[in-house]
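Down below is the structure, laid out as structure tokens.
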Amino acid sequence: MVKINTCIFISGKGTNLRNLIKKSREYNFPINIKLVISNTKYAKGISFAKINSIPFVVIDTKENNFEIKMLKILEKYKIRLICLAGYMRVLSKRFLNLYGKKIINIHPSLLPKFKGLNTFSRVIMEKEKKTGCTVHYVDEKLDSGNIILRKSFFISKKDTQKSIKTKTQKLEYVAFPEAIISIFRYC
Ligand code: GAR
């Protein structure tokens, strides 16, 4: 099986990165993680790239021409899919057009509800009955773009912000790989 060269973008802990690295080792899983890009050297997730000998690069979005730097390195590694896994920056329309290949994002809510930050506290404040996660194609707006799949669970009276976060992230580790499989099913 020819696997799709993939780059994972991160900003933080990188538990989705860790999960995707593990999945990518499975014979039938369609991607090979060739590169990790972080917008900060403080992202804990970089350690998963290091441990697994995956090349990584820090590209601060405050740098001049940071998008050109990204495009160059994506081209160098022949990247055909970008997965945003906790990457807390919005990509510009110009970048999306110039890159021109698939970019997907995972978000810890049932989009279009609760875009942006502090999702779990807002879910509780709004007394939602259900929540979950969404994998979607990326456009130039925050947590926007066509939805690939959503996974949900019912919130119980005992749930707290912490337990909702734990349950949502557990679902993310299933949803992201499933979404990747679904987009390459017919390729
Ligand atoms: C994940 O829960 C992801 O859904 C969220 O950041 C977390 C990253 O966790 N992304 C967003 O909120 C994007 N708007 P991780 O670094 O442990 O994978």
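Numbering of ligands and ligand atoms starts at 1, following listing order. Computed from heavy atoms alone, side chains included, the values below leave out hydrogens, waters and symmetry copies.
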Any salt bridge linking [X] with [Y]? Criterion: basic side-chain nitrogen under 4.0 Å from a carboxylate oxygen.
{"X": "Asp139", "Y": "Lys93", "value": "no"}
{"X": "Glu26", "Y": "Lys23", "value": "yes"}
{"X": "Lys151", "Y": "Glu172", "value": "no"}

**Message:** Can you check which of Gly86, Cys133, Ala175 brings a heavy atom nearest to atom 8 (C) of ligand 1?
**Reply:** Gly86
**Message:** Can you check which of Leu171, Val135, Leu17, Thr15 brings a heavy atom nearest to atom 15 (P) of ligand 1?
**Reply:** Thr15
**Message:** side chain to side chain donor-acceptor pair (under 3.5 Å) for Tyr173 and Thr15? Distances and angles first, verdict last.
**Reply:** CA-CA 8 Å; Tyr173 306 146; Thr15 61; 2.7 Å; yes
What protein heavy atom lies closest to [atom]? Include the residue and the distance to one decimal.
{"atom": "atom 3 (C) of ligand 1", "result": "Glu172 OE2, 3.5 Å"}
{"atom": "atom 13 (C) of ligand 1", "result": "His107 ND1, 3.6 Å"}
{"atom": "atom 5 (C) of ligand 1", "result": "Pro108 CD, 3.7 Å"}

**Message:** What I want to know is whether Asn105 and ligand 1 share at least one N or O pair that is separated by under 3.5 angstrom.
**Reply:** no
**Message:** Would Tyr87 count as a polar contact of ligand 1, with the cut-off being nitrogen or oxygen pairs under 3.5 Å?
**Reply:** no
**Item:** Contact partition for Thr168 relative to ligand 1, non-hydrogen atoms under 4.0 Å
**Value:** neither
**Message:** Side chain, backbone, both or neither: which applies to Lys115 and ligand 1 if a contact is any heavy-atom pair less than 4.0 Å apart?
**Reply:** neither
For ligand 1, is [X] a contact, meaning one of its heavy atoms is under 4.0 Å away?
{"X": "Lys44", "result": "no"}
{"X": "Gly14", "result": "yes"}
{"X": "Ile106", "result": "yes"}

**Request:** Examine Lys165 relative to Phe120 and say whether NZ or CZ is less than 6.0 Å from the centre of the six-membered ring and inside a 45° cone about the ring axis.
**Result:** no
**Message:** Does the structure place the NZ or CZ of Lys69 under 6.0 Å from the centre of the six-membered ring of Phe66, at an angle of no more than 45° from the ring's axis?
**Reply:** no
**Asked** Is there a salt bridge (Lys or Arg N to Asp or Glu O under 4.0 Å) between Lys41 and Asp60 once you walk through the steps?
**Response** CA-CA 9 Å; Lys41 65 179 178 187; Asp60 192 329; over 6 Å; no
**Message:** List ligand 1 atoms under 4.0 Å from Asp143, heavy atoms only on the residue side.
**Reply:** 13 (C), 14 (N)
**Message:** Could you tell me, atom by atom, which parts of ligand 1 come under 4.0 Å of a heavy atom of Gln169?
**Reply:** 2 (O), 9 (O)
**Item:** Any donor-acceptor N or O pair under 3.5 Å, side chains Arg89, Thr61
**Value:** yes
**Item:** NZ/Lys101: more than 12 non-hydrogen atoms of other groups inside 6.0 Å
**Value:** yes
